[in-house]
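Here the structure is laid out as structure tokens; the discussion comes afterwards.
Computation of the quantities below employed the complete heavy-atom set of this structure, encompassing side-chain atoms and omitting hydrogens, waters and symmetry-equivalent molecules. In this text, all values refer to a predicted model and were calculated from it rather than measured experimentally.
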Amino acid sequence: MSKKNDVLLQIEKLRKEMNDRYKAQETITPELLQLSVELDHLLNELHLHP
């Protein structure tokens, strides 16, 4: 498996964990929001630079 796929899997795992936390807390903290933005940025970087 390529390094890119490893990173994608890690990002997806973090996004799932974030979603689970949203459901558990029923509130979006500034920290969770920032993490979401950073994960989206990483995903965009991967898709723009294959």
Side-chain angles (χ1 to χ4, degrees):
M1 190 182 286
S2 73
K3 178 112 174 117
K4 178 179 175 181
N5 284 342
D6 287 345
V7 173
L8 281 170
L9 284 174
Q10 289 175 34
I11 291 171
E12 289 303 319
K13 182 179 172 189
L14 285 173
R15 288 198 69 82
K16 182 185 182 319
E17 182 180 329
M18 252 188 357
N19 288 337
D20 291 345
R21 287 187 188 190
Y22 286 160
K23 290 173 189 167
Q25 294 180 0
E26 295 184 358
T27 182
I28 298 174
T29 63
E31 293 83 7
L32 285 175
L33 186 58
Q34 180 61 34
L35 182 56
S36 178
V37 169
E38 290 177 24
L39 285 171
D40 286 343
H41 179 74
L42 286 173
L43 279 171
N44 288 338
E45 285 285 315
L46 286 171
H47 291 297
L48 291 174
H49 307 289

Atom pairs and distances, side-chain donor-acceptor, residues 8-17, under 3.5 Å, sequence neighbours left out:
{"unit_1": "R15", "atom_1": "NH1", "unit_2": "D40", "atom_2": "OD1", "d": "2.8"}
{"unit_1": "K16", "atom_1": "NZ", "unit_2": "D20", "atom_2": "OD2", "d": "3.1"}
{"unit_1": "E17", "atom_1": "OE2", "unit_2": "R21", "atom_2": "NH2", "d": "2.7"}

Legend entry - Nearest-0.5 Å distance, CG of residue L33 to CD of residue E31: 9.5 Å
Legend entry - Shortest non-hydrogen contact from M18 toward L32: SD-O, 3.7 Å
Legend entry - From L43 atom CG to E38 atom CD, the distance as rounded to the nearest 0.5 Å: 12.5 Å
